[in-house]
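Beneath this line is the structure, given in structure tokens, with notes to follow.
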Amino acid sequence: MEIPKVKVVGKSHVKPKKDIGRKECQLVTFDLPYLAFYYNQKLMLYKGNDNFEGSVEKLKEGLSVVLVDFYQLAGKLGKDEEGVFRVEYDDEMEGVEVVEALADEISIDDLLVEEGTSSLKGLIPYNGVLNLEGSHRPLLAIQVTKLKDGTAIGCAFNHAILDGTSTWHFMSSWAEICSGSDTISVPPFLERTKARNARVKLDLALPSDPRASSNGDAKDTKASSNGDTKDTKASSNGDGNTEPQLRERVFKFSEAAVDKIKSTVNANNPPSDGSKPFTTFQSLSAHIWRHVTQARELKPEDYTVYTVFADCRKRVDPHMPDSYFGNLIQAVFTVTAAGLLLAHPVQFGASTIQKAIEAHDAKAIENRNSEWEKAPKIFQYKDAGVNCVAVGSSPRFKVYDVDFGFGKPVVVRSGGNNRFDGMVYLYQGKSGGRSIDVEISLEAGAMEKLEKDQEFLLNV
């Protein structure tokens with residue numbers, strides 16, 4: 001399908017409304033692994049554009065106010081004299097990039113398709129831009145696009161300085177100001193070193209060859225600067241091999257479907273031995289892991305990895321507040337043979353996931369951090385494990401409550417950055433309640449099988 005053009009009509013920068021002075025904030029062990037990921041992209045679509053120019057000015061004015069608290073997003077990446085990465089801000093910096101665009105031929109309905117992200121690409125800035133490029137680019141870029149019958153707000157956040165919890169804390173705070181509040185209700189907690197204060201020197205550089213990549217020792221590492229995995233055609237990965245064609249799809253699980261999945265997983269799991277009931281997240285994760293593994297038609301002896309980027313705010317010691325601004329997530333891995341996963345009831349996968357998540361306590365986090373700090377390794381975004389299902393985002397994020405004063409979003413989606421075979425994003429469902437939208441990227445053949453799997457779809 002030919003994608004209508006998006007025309008950029010203006011670009012500006014927004015700084016905090018008040019002078020703040022020079023600020024420096026060291027990146028910590030929780031932040032550093034994401035330097036070789038790509039900017040994290042989010043897109044929200046809103047109905048109506050009767051006063052587009054006025055809406056843009058309102059968004060920019062609100063942004064200048066909220067950036068007083070979230071000033072790190074208006075800064076740049078830098079290094080101190082010892083080579084430790086940090087966020088740097090001063091009042092002379094240009095601030096957040098804001099692009100205005102027109103797409104009069106694109107309607108909201110055109111973008112509600114559940115297949116692919118290529119149609120969204122022109123609505124979100126910084127496609128294929130590495131977080132490491134935040135040394136010379138803004139750490140937040142926003143594009144506001146006038147559609148035929150609505151407004152699109154696309155955001156690209158530098159993932160090296162914040163995770164999903166912080167992303168949506170910022171978005172809700174920005175919306176709060178735009179909706180008429182003088183101040184935000186929950187200021188960000190900006191003291192990253194309270195969570196970890198190890199000083200890790202990294203010698204990272206952008207490659208001269210855009211196809212180059214490395215997942216080795218952080219010293220002299222050159223991170224890949226080509227993140228365009230959004231192309232629906234097979235593409236070279238730089239070593240002569242051809243990467244598989246990926247498809248992206250949103251599967252909408254209603255409240256009834258989510259409840260059915262959870263009750264099924266818990267039906268044969270009486271917590272008599274001290275085990276806990278499986279949560280909605282654990283139940284849905286096991287459901288996805290099982291059916292994706294089936295769709296891939298793996299051999300019984302093939303390993304499959306489940307990866308979740310777990311929020312550690314209440315896992316570290318001492319606990320950090322929910323308002324902690326930064327990355328306070330860690331990848332939690334669990335692995336089993338495909339034959340074992342499929343030969344057992346779904347409770348087997350759920351139990352494996354539950355044990356891995358519960359075992360990731362303060363001691364495990366401390367051990368992981370200490371081990372990494374001794375021998376830092378910078379990985380690519382797709383290094384989540386063999387035959388993996390890797391889950392990011394969370395249905396707990398109140399993404400449909402982000403109202404800038406012109407209504408709640410019609411849909412919320414991720415952009416094309418940081419996608420690979422097995423990447424899953426979970427979002428609160430638009431219908432509310434316990435409904436969940438599941439964005440999955442899979443190799444085309446496996447996706448075709450998953451789409452026909454009625455036990456997976458559960459159309460209830």
Side-chain angles (χ1 to χ4, degrees), residues 27-43 72-73 76-77 85-87 117 121 124-141 154-168 170 192 200 202-207 210-218 221-230 237-238 243 246 248 305 307-312 325-333 368 372 376-385 388 390-394 414-425 439 441:
L27 294 188
V28 298
T29 308
F30 293 100
D31 300 306
L32 297 172
Y34 302 99
L35 284 166
F37 282 46
Y38 298 96
Y39 273 68
N40 206 10
Q41 298 174 308
K42 301 299 176 188
L43 177 69
Q72 291 182 10
L73 287 169
K76 291 281 198 302
L77 289 183
F85 275 92
R86 64 188 181 188
V87 181
T117 56
K121 182 177 178 181
I124 316 176
Y126 288 12
N127 293 286
V129 174
L130 273 174
N131 295 317
L132 193 56
E133 296 182 52
S135 60
H136 60 271
R137 292 179 183 265
L139 301 179
L140 169 60
C155 301
F157 294 87
N158 192 298
H159 202 342
I161 73 159
L162 81 171
D163 59 15
T165 298
S166 293
T167 294
W168 293 107
F170 166 78
R192 295 168 192 256
V200 183
L202 296 178
D203 186 11
L204 286 173
L206 290 169
R211 296 173 301 173
S213 63
S214 169
N215 64 352
D217 194 310
T221 294
K222 291 185 181 295
S224 167
S225 64
N226 179 7
D228 203 354
T229 58
K230 302 155 283 301
N237 62 9
E243 295 183 347
L246 290 185
E248 297 136 4
V305 176
T307 306
V308 58
F309 292 91
D311 183 3
C312 297
F325 186 80
N327 285 290
L328 204 42
I329 54 174
Q330 272 188 343
V332 177
F333 304 93
R368 172 86 67 84
W372 189 87
K377 291 191 179 291
I378 297 296
F379 297 100
Q380 287 188 306
Y381 66 96
K382 56 187 176 183
D383 292 327
C388 75
V391 179
S393 193
S394 170
S414 299
N417 282 355
N418 298 318
R419 288 184 182 267
F420 53 89
D421 184 11
M423 187 65 218
V424 176
Y425 292 100
E439 287 188 10
S441 299

From the options N417, N127, L43, select the one residue that forms a side chain to side chain contact (heavy atoms under 4.5 Å, CB included) with K121.
-> N127
Begin from the C-alpha positions of F333 and C388 and carry the test side-chain contact (heavy atoms from CB on, under 4.5 Å) through to its verdict.
-> CA-CA 10 Å; F333 304 93; C388 75; over 6 Å; no
Any chance you could lay out the side-chain contact (heavy atoms from CB on, under 4.5 Å) test for F325 and L73, step after step, and finish with the verdict?
-> CA-CA 10 Å; F325 186 80; L73 287 169; 3.9 Å; yes
To the nearest 0.5 Å, how far apart are CE in M423 and CD in E439?
-> 9.5 Å
Is there a side-chain contact between Y39 and L139, using heavy atoms and a 4.5 Å cut-off?
-> yes
For V200 and W372, what are the C-alpha separation, side-chain angles and deciding distance, and is it a side-chain contact (heavy atoms from CB on, under 4.5 Å)?
-> CA-CA 10 Å; V200 183; W372 189 87; 3.8 Å; yes
From Y38 atom OH to L132 atom CG, the distance as rounded to the nearest 0.5 Å = 11.0 Å
Once you round to the nearest 0.5 Å, how far does CG of L32 lie from CG of N131?
-> 11.5 Å
Donor + acceptor pair across side chains of K42, S414 (<3.5 Å) | yes
Could you go through the side-chain contact (heavy atoms from CB on, under 4.5 Å) check for L204 and F85 one step at a time?
-> CA-CA 10 Å; L204 286 173; F85 275 92; 4.2 Å; yes
For residues F309 and N327, determine if any side-chain heavy atom of one lies less than 4.5 Å from a side-chain heavy atom of the other.
-> no
Specify the closest pair of heavy atoms between T167 and F157, including all atoms of both residues, with the distance to one decimal.
-> CG2-CE1, 3.6 Å
When every non-hydrogen atom of I378 is compared with those of A36, the smallest separation belongs to CG2-CB, 3.4 Å
Which heavy atom of Q330 sits nearest a heavy atom of C312, and at what distance?
-> N-SG, 3.9 Å
By salt bridge (charged side-chain N to carboxylate O under 4.0 Å, His left out) - contacts of R137 (at least two apart) = E133
Under 3.5 Å: donor-acceptor pair, side chain of R368, backbone of A331 | yes
Atom pair CG (D311) and CG (L328), whose distance is rounded to the nearest 0.5 Å = 6.5 Å
Look only at the side chain of R192 and the backbone of F30, and say whether a donor-acceptor pair between them is shorter than 3.5 Å.
-> no
Could you grab the distance from atom CG of L77 to atom NE2 of H136, nearest 0.5 Å is fine?
-> 10.5 Å
For P125 and C155, the nearest pair of non-hydrogen atoms, with its separation, is CD-N, 4.3 Å
Can you find a pair of side-chain heavy atoms, one from L162 and one from N40, that are under 4.5 Å apart?
-> no
R419 and S441 have their tightest heavy-atom pair at NH1-OG, 3.1 Å
Check the angle between the aromatic planes of H159 and Y34 and answer parallel, tilted or perpendicular using the 30° and 60° thresholds.
-> parallel
Minimal non-hydrogen separation, L27 against V87, with atom names | CD2-CG2, 3.7 Å
Counting N and O atoms only, with roles assigned by atom type, does the side chain of Q41 sit under 3.5 Å from a partner on the main chain of G416, one being a donor and the other an acceptor?
-> yes
